[in-house]
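Values in this document were obtained by computation on a predicted structure and should not be read as measured data. Throughout, protein chains are lettered first and strands after them, A, B, ... in sequence-line order, and every chain is numbered starting at 1.
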2 protein chains.
Amino acid sequence: MKLSVKSEYACLALIDLSELHEKGQLCTIGKIAENKGIPKKYLEQILLILKRSGYVKSQKGPDGGYRLAKDPGDINVAEIIRLMDGALAPVESVSTYFFEHTPIEKSPKLLDVFRQIRNYISDTLEHLTFRDLIE
Amino acid sequence: MKLSVKSEYACLALIDLSELHEKGQLCTIGKIAENKGIPKKYLEQILLILKRSGYVKSQKGPDGGYRLAKDPGDINVAEIIRLMDGALAPVESVSTYFFEHTPIEKSPKLLDVFRQIRNYISDTLEHLTFRDLIE
DNA sequence: CATATTGTCTATCGGATTTATAGTATATAG
DNA sequence: CTATATACTATAAATCCGATAGACAATATG
């Protein structure tokens, strides 16, 4: 896993929305972009992806904006990174959801170590929810 | 850390050379490439990098080839990946050797989790030597 | 010395990916 | 009706990665 800027932006945006969630307030793309220092038009695309996957809801028009579609405690960081970047594993040949063959399979011992690393990353990030990340 | 094919090739080549190390035998680029299924011309560049960093030695001419410059037990996987790919950390802002600012710093809590992941990866791979990977 | 073999070095290409921007369409509050 | 917001698609710009090409240098051997 090498985190892309896209994943970072997605997490930051979800943190922003998580903090507003209890009040049920909408927040515009522009506001989030400004808060977190994210290019607005790029954030637009990211929020669209999050919307299509059911993490956020939106409303058009004046006073429109975005809000979370779930409780922050029901969204974990692993699923967001997988959605944006693909595999958490450092090598696809030890990835559960994005398996692919790679040259490293020629060394079973090395492969085992990377599998162990993948499991650590998955366990850590799957148990980390956006509730844990709110201030 | 997302492992590149380059790192994978470097590790596989070093494993090959580690297995020959005790006998002090030289091995040609072509042989290694064939053994591990690596494009020869690409492997050439990788071995040059390893040579310049003191991991392997070479000899030109007929009967020439490569051999390890150190004991397999004195080379760990972390340093090879850092040489080929840069940071082991999933985000540069928690990298010890390749620190850079990234947007994720806006969430200290998230940053902490990634620091923890980085430490796990570093510890694991720094203690893994090529002696451990020999058959 | 001539030749074949092997590493050295630099340049570059093709393709993919990533980050970001542009522009048009659609919904809705007032 | 108009201003404001999201929806959507296309594509630009930059970078990186894996791979290839080809000229050069060293050396063992006959």
Side-chain angles (χ1 to χ4, degrees), chain A residues 1-10 12-13 17 25-34 36-67 69 81 83-87 91-92 98 100-104, chain B residues 1-13 17 25-34 36-53 55-69 81 83-87 91-92 98 100 102-104:
Chain A
M1 172 195 48
K2 179 82 175 62
L3 215 60
S4 69
V5 173
K6 191 174 177 185
S7 275
E8 298 190 46
Y9 288 165
L12 290 175
L17 292 174
Q25 287 178 341
L26 291 173
C27 188
T28 67
I29 297 179
K31 267 281 177 1
I32 301 173
E34 194 181 342
K36 303 295 187 185
I38 304 174
K40 189 186 161 194
K41 281 302 236 178
Y42 194 31
L43 181 59
E44 204 176 293
Q45 292 173 44
I46 292 168
L47 285 170
L48 261 183
I49 295 171
L50 289 173
K51 186 194 169 188
R52 287 175 182 145
S53 301
Y55 293 106
V56 299
K57 289 189 173 174
S58 66
Q59 189 178 326
K60 289 186 179 179
D63 300 334
Y66 278 91
R67 62 182 177 82
I81 295 178
L83 177 63
M84 296 294 155
D85 283 358
V91 217
E92 256 101 4
F98 301 87
E100 259 181 52
H101 288 289
T102 82
I104 214 178
Chain B
M1 172 196 48
K2 179 81 175 60
L3 213 60
S4 68
V5 171
K6 192 175 178 185
S7 274
E8 297 189 48
Y9 287 165
C11 288
L12 290 176
L17 291 173
Q25 289 179 341
L26 291 173
C27 187
T28 67
I29 298 178
K31 266 279 175 9
I32 300 173
E34 194 181 343
K36 303 296 186 182
I38 305 174
K40 190 187 160 194
K41 280 302 234 177
Y42 195 32
L43 181 57
E44 218 174 69
Q45 295 173 39
I46 291 167
L47 285 170
L48 262 183
I49 295 171
L50 290 173
K51 186 195 169 189
R52 288 178 182 143
S53 300
Y55 293 107
V56 299
K57 290 189 171 173
S58 66
Q59 189 178 326
K60 289 184 179 179
D63 300 333
Y66 277 91
R67 64 184 176 80
L68 281 197
I81 294 178
L83 178 64
M84 296 293 154
D85 282 358
V91 218
E92 255 100 5
F98 301 88
E100 260 180 53
T102 82
I104 214 177

N/O contacts under 3.5 Å, protein versus nucleotides 13-17 of chain C?
none

Protein-nucleotides 21-25 of chain D N/O pairs closer than 3.5 Å?
{"from": "D:dG22", "atom 1": "O6", "to": "B:Lys41", "atom 2": "NZ", "distance (Å)": "2.3"}

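Nucleotide C:dA27 holds its C1' atom 17 Å from the NZ atom of A:Lys57, rounded to whole Å. Rounding to whole angstrom units, CG of residue B:Leu26 and C1' of D:dA28 are separated by 13 Å. Across the protein-nucleic acid pair, B:Leu48 atom CG and D:dA19 atom P stand 17 Å apart, rounded to whole Å. D:dC17 atom C1' lies 16 Å from atom CG of B:Leu43, rounded to whole Å. Look at CD1 on A:Ile38: it is 12 Å from P on C:dT19, rounded to the nearest Å. One can place CD1 of B:Ile46 at 12 Å from P of D:dT20, the figure rounded to the nearest angstrom. Distance A:Asp85 CG to C:dT18 P: 7 Å, rounded to the nearest Å.
When each of D:dA7, C:dA29, C:dT19 is scored by its nearest atom to the side-chain atoms of A:Gln59, the top-ranked nucleotide is C:dA29. Checked against C:dG30, D:dT29, C:dT19, the side chain of B:Asp63 finds its nearest nucleotide in D:dT29.
For C:dT8, one of the phosphate oxygens OP1 or OP2 lies less than 4.0 angstrom from a side-chain nitrogen or oxygen of B:Lys51. Not one side-chain nitrogen or oxygen of A:Tyr66 sits closer than 4.0 Å to the OP1 or OP2 atom of D:dA5. Taking only side-chain nitrogens and oxygens, B:Tyr9 comes nearer than 4.0 Å to OP1 or OP2 of D:dA19. Here B:Arg52 reaches the OP1 or OP2 of C:dC9: one of its side-chain N or O atoms lies under 4.0 Å away. Look at B:Ser58 and you'll find a side-chain N or O under 4.0 angstrom from OP1 or OP2 of C:dT8.
B:Met84 places a side-chain heavy atom less than 4.5 Å from the side chain of B:Ile49. The closest side-chain heavy-atom distance from B:Pro103 to A:Ile38 is not below 4.5 Å.
Listed by first and then second residue, the side-chain hydrogen bond (donor to acceptor under 3.5 Å, both in side chains) pairs that reach into residues 57-66 of chain B are B:Lys51-B:Ser58, sequence neighbours excluded.
Residue contacts shown for B:Leu47 are absent, as no nucleic acid heavy atom lies under 4.0 Å away. Within the 4.0 angstrom heavy-atom criterion, only backbone atoms of the sugar-phosphate kind lie near A:Gly65; the bases stay farther away.
Applying the side-chain hydrogen bond (donor to acceptor under 3.5 Å, both in side chains) criterion to A:Thr102, with sequence neighbours excluded, gives A:Ser93, B:Glu8. Every residue two or more places apart in sequence or in another chain was checked for a salt bridge (Lys or Arg N to Asp or Glu O under 4.0 Å) with B:Lys6, and none qualifies. Annotation: side-chain hydrogen bond (donor to acceptor under 3.5 Å, both in side chains) contacts of B:Glu44 (sequence neighbours excluded): B:Lys41.
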